[in-house]
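Labels below follow one simple rule: chain letters A, B, ... track the order of the sequence lines, proteins then strands, and each chain is numbered from 1. Bear in mind that the values here come from a model prediction, so they are computed numbers and not experimental data. These numbers come from the heavy atoms of this one structure, side chains and all, not from hydrogens, waters or symmetry mates.
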There are 2 protein chains.
Amino acid sequence: MPVGLNSHEIQKLGDVVSHKRKIPRGGYLHHTGTKFQSLFAIRSGFLKTCVLEQDGRQQVTGFHMTGELLGLDAISSEIHTCDAVALEDSEVCEIPFAKLEEISLTIPSLMHHFHKIMSREIVRDHGVMLLLGSMKAEERLATFLLNLSRRFSIRGYSEYSFNLRMTREEIGSYLGLKLETVSRAFSKLQDENIITVDNKHIQINDMNRLKLKMGNSSCVT
Amino acid sequence: MPVGLNSHEIQKLGDVVSHKRKIPRGGYLHHTGTKFQSLFAIRSGFLKTCVLEQDGRQQVTGFHMTGELLGLDAISSEIHTCDAVALEDSEVCEIPFAKLEEISLTIPSLMHHFHKIMSREIVRDHGVMLLLGSMKAEERLATFLLNLSRRFSIRGYSEYSFNLRMTREEIGSYLGLKLETVSRAFSKLQDENIITVDNKHIQINDMNRLKLKMGNSSCVT
DNA sequence: ACGTGTGATTGATCTTAATCAATGCTTCTT
DNA sequence: AAGAAGCATTGATTAAGATCAATCACACGT
């Protein structure tokens, strides 16, 4: 949590987040319906979160990487409302929520920062709602790739070349599409030389045209 | 905000939320892009929030009624990320956010309650994502009606009979459907005697069958 | 190395919802 | 009260994506 804290405050925070946990690829960080006690800060790795309906329907609600915070949804009812699954070997810091609230009473800037993080999650969700509610398949995929690209870039990796950690089916679930549609959209973008797809490896050849794809469906046929 | 507060604490909170604002039908509580300073608690009325893309695309992200809190999305960047528009004459309490954070340092239960509210918004958004990502038109509308019904019920109104405040187009935007599709879905539910539709007035005739509609699309043809 | 299973691609067809279009009903304005 | 504007319904057609199906590529375990 990169906030403007002095060393004493960082010390306090460090006392709270001491416990680390490793999750192997495919392992669960938490299950839907289990008791919530801690938030989890991702130190390394890549996870997905997904909600499930009683009728077996499933929806991936997010893909999460280093530095992001998981478990915010569970604060309201103290029960996890989603599964969190590692898509590659991952490591998280456990942050007991009661303790976080406790020390945030003494570090106003920490509390404020926490509020911003929660708010950012709400903004992100609204963005996904816009995507799911009003975009075509290809626009959704372009938006998704650009989002990943930006997040890799922020973390010091290439924005033009990266490996997907998730399957086509998981991408489809996140984007509200079937896996075949995702696959076709990949192929289409490749045919247009906007990206190069080699299984899980993605190379962005023309960032600008990819950005155009996100915005307007009507300009290209 | 119904929390376990003592009278002294309620007094403190009252000092913060003193300012009230009336918004006439069609009026804006806030616009996208304007500076964020306050949250708004709805005292009465009915509002929608919607995000807009640069290309004019628009998505209703929520309908909000008495007791709900607006503006949470704006905490992260201190800029409103959506419009809030009154769908009927409404009244809100303005809650300067800086002051709320300040007093929540001295009232831990208030801070905790606020965290729960933010978390609940995240859970709600995940539910909408599930709806947009995996439900058919009729299921979406059934889910929507049941959600409204429950919220009216909680506020002491009939869960079986109520008036919609929004147009078919707004419902469609929220549900990721075109207005014609919404209209057809209404007609279909009416044909099956599950609801009675008279323009904006909705009567639920068979709550159980409506709930079935929400879950499984495959059971009825 | 070989067989197996999972994940990905591509094609053909079908379903759903979008689009285009016409009409009717309310509500607001003057 | 009459007209206009906005909102809603319904029908016909089209388009997007789902579904069904076949094949391929690759990773994994034995």
Side-chain angles (χ1 to χ4, degrees), chain A residues 24-26 48 57-60 85 87-89 131-142 144-145 163-192 195-202 213 216-218 220-221, chain B residues 24-26 48 57-60 85 87-89 131-142 144-145 163-192 195-202 213 216-218 220-221:
Chain A
R25 188 162 171 314
K48 70 169 176 179
R57 217 190 309 248
Q58 188 180 335
Q59 169 87 18
V60 173
V85 184
L87 297 179
E88 61 179 39
D89 292 354
L131 176 143
L132 292 172
S134 71
M135 287 189 187
K136 296 247 175 55
E138 211 178 66
E139 300 174 288
R140 294 184 197 192
L141 188 64
F144 172 71
L145 290 174
N163 282 298
L164 300 173
R165 270 73 171 183
M166 69 297 280
T167 66
R168 302 290 190 264
E169 187 167 21
E170 287 163 335
I171 297 172
S173 172
Y174 182 61
L175 298 179
L177 302 168
K178 291 293 154 183
L179 67 96
E180 296 95 328
T181 306
V182 173
S183 183
R184 281 183 238 272
F186 270 125
S187 300
K188 176 113 187 296
L189 289 176
Q190 179 162 243
D191 289 347
E192 299 180 53
I195 63 174
T196 303
V197 184
D198 178 14
N199 208 21
K200 290 242 164 56
H201 182 262
I202 302 295
K213 283 285 173 189
N216 32 10
S217 54
S218 46
V220 189
T221 37
Chain B
R25 187 160 167 324
K48 71 169 176 180
R57 216 190 308 248
Q58 187 180 337
Q59 170 87 17
V60 172
V85 184
L87 297 179
E88 61 179 39
D89 291 353
L131 176 143
L132 291 172
S134 71
M135 287 188 187
K136 296 245 176 53
E138 212 179 62
E139 301 174 287
R140 295 184 197 193
L141 187 64
F144 172 71
L145 289 174
N163 282 299
L164 300 174
R165 270 72 171 186
M166 70 296 281
T167 66
R168 301 291 190 261
E169 187 167 22
E170 286 162 337
I171 296 172
S173 172
Y174 182 61
L175 298 180
L177 303 168
K178 292 292 156 186
L179 68 96
E180 296 95 327
T181 307
V182 173
S183 183
R184 280 183 238 273
F186 270 125
S187 300
K188 177 114 186 295
L189 289 174
Q190 180 163 241
D191 289 348
E192 299 180 52
I195 63 174
T196 303
V197 184
D198 178 15
N199 208 22
K200 290 240 163 57
H201 182 260
I202 302 294
K213 283 284 174 190
N216 32 11
S217 54
S218 46
V220 188
T221 39

Seminar exercise, completed: From CG of A/Leu179 across to P of C/dT9 the rounded distance in Å is 10 Å
For this session: Would you tell me if any nitrogen or oxygen in the side chain of B/Lys200 comes within less than 4.0 Å of OP1 or OP2 on D/dA8?
Result: yes
Exercise. Does A/Glu138 reach the main-chain N or O of A/Lys188 with its side chain, forming a donor-acceptor pair under 3.5 Å?
Worked result: no
Problem set entry | N-O pairing of B/Glu139 and B/Lys213 below 4.0 Å | no
Exercise. Got a sec? Which of residues 165-178 of chain B come in under 4.0 Å of DNA chain C, heavy atoms?
Worked result: B/Gly176, B/Leu177, B/Lys178
For this session: State, to 0.1 Å, how close A/Met166 and A/Lys200 come at their nearest heavy-atom pair, and which atoms those are.
Result: O-CE, 3.1 Å
Every protein N/O lying under 3.5 Å from an N/O of nucleotides 20-29 of chain C:
from: C/dC20; atom 1: N4; to: B/Glu180; atom 2: OE2; distance (Å): 3.3

For this session: Nearest whole angstrom, please: distance from the P of D/dA8 to the CG of B/Asn163.
Result: 12 Å
Seminar exercise, completed: Looking only at heavy atoms, the pair that brings A/Tyr174 and A/Gln59 closest together is O-NE2, 3.6 Å
Seminar exercise, completed: In whole angstroms, the gap separating C1' of C/dA18 from CZ of B/Arg57 amounts to 15 Å
For this session: Salt-bridge test for A/Arg168 and A/Glu180: reply yes if a basic N is under 4.0 Å from a carboxylate O, no otherwise.
Result: no
Exercise. Once you round it to whole Å, what is the distance between P of D/dC7 and CZ of B/Phe186?
Worked result: 15 Å
For this session: Starting from P on D/dA8, measure out to NE2 on B/His201 and report it in whole angstrom.
Result: 15 Å
Problem set entry | Atom pair distance, as rounded to whole Å: CD1 in A/Ile195 and C1' in C/dA8 | 14 Å
Exercise. A/Arg184: what forms a salt bridge (Lys or Arg N to Asp or Glu O under 4.0 Å) with it, not counting sequence neighbours?
Worked result: none
Problem set entry | Out of D/dT9, C/dT16, C/dT10, whichever nucleotide has its closest atom nearest the side chain of A/Ser187 | C/dT10
Exercise. Within the distance-only criterion (no hydrogens, no angle test), does the side chain of B/Arg140 pair as donor or acceptor with the backbone N or O of B/Met135 below 3.5 angstrom?
Worked result: yes
Exercise. Quick one: does B/Gln190's side chain have a donor or acceptor within less than 3.5 Å of a partner on B/Thr196's backbone?
Worked result: no
For this session: Whole angstrom is fine here: how far is it from CD in A/Gln190 over to P in C/dT9?
Result: 9 Å
For this session: Would you mind reading off the distance between B/Lys188 atom NZ and D/dG11 atom P, rounded to a whole angstrom?
Result: 15 Å
Exercise. How about B/Glu169: does its CD atom have over 12 heavy atoms from other parts shown lying under 6.0 Å from it?
Worked result: no
Exercise. Taking only side-chain nitrogens and oxygens of B/Ser183, does any of them come within less than 4.0 Å of OP1 or OP2 of D/dT9?
Worked result: yes
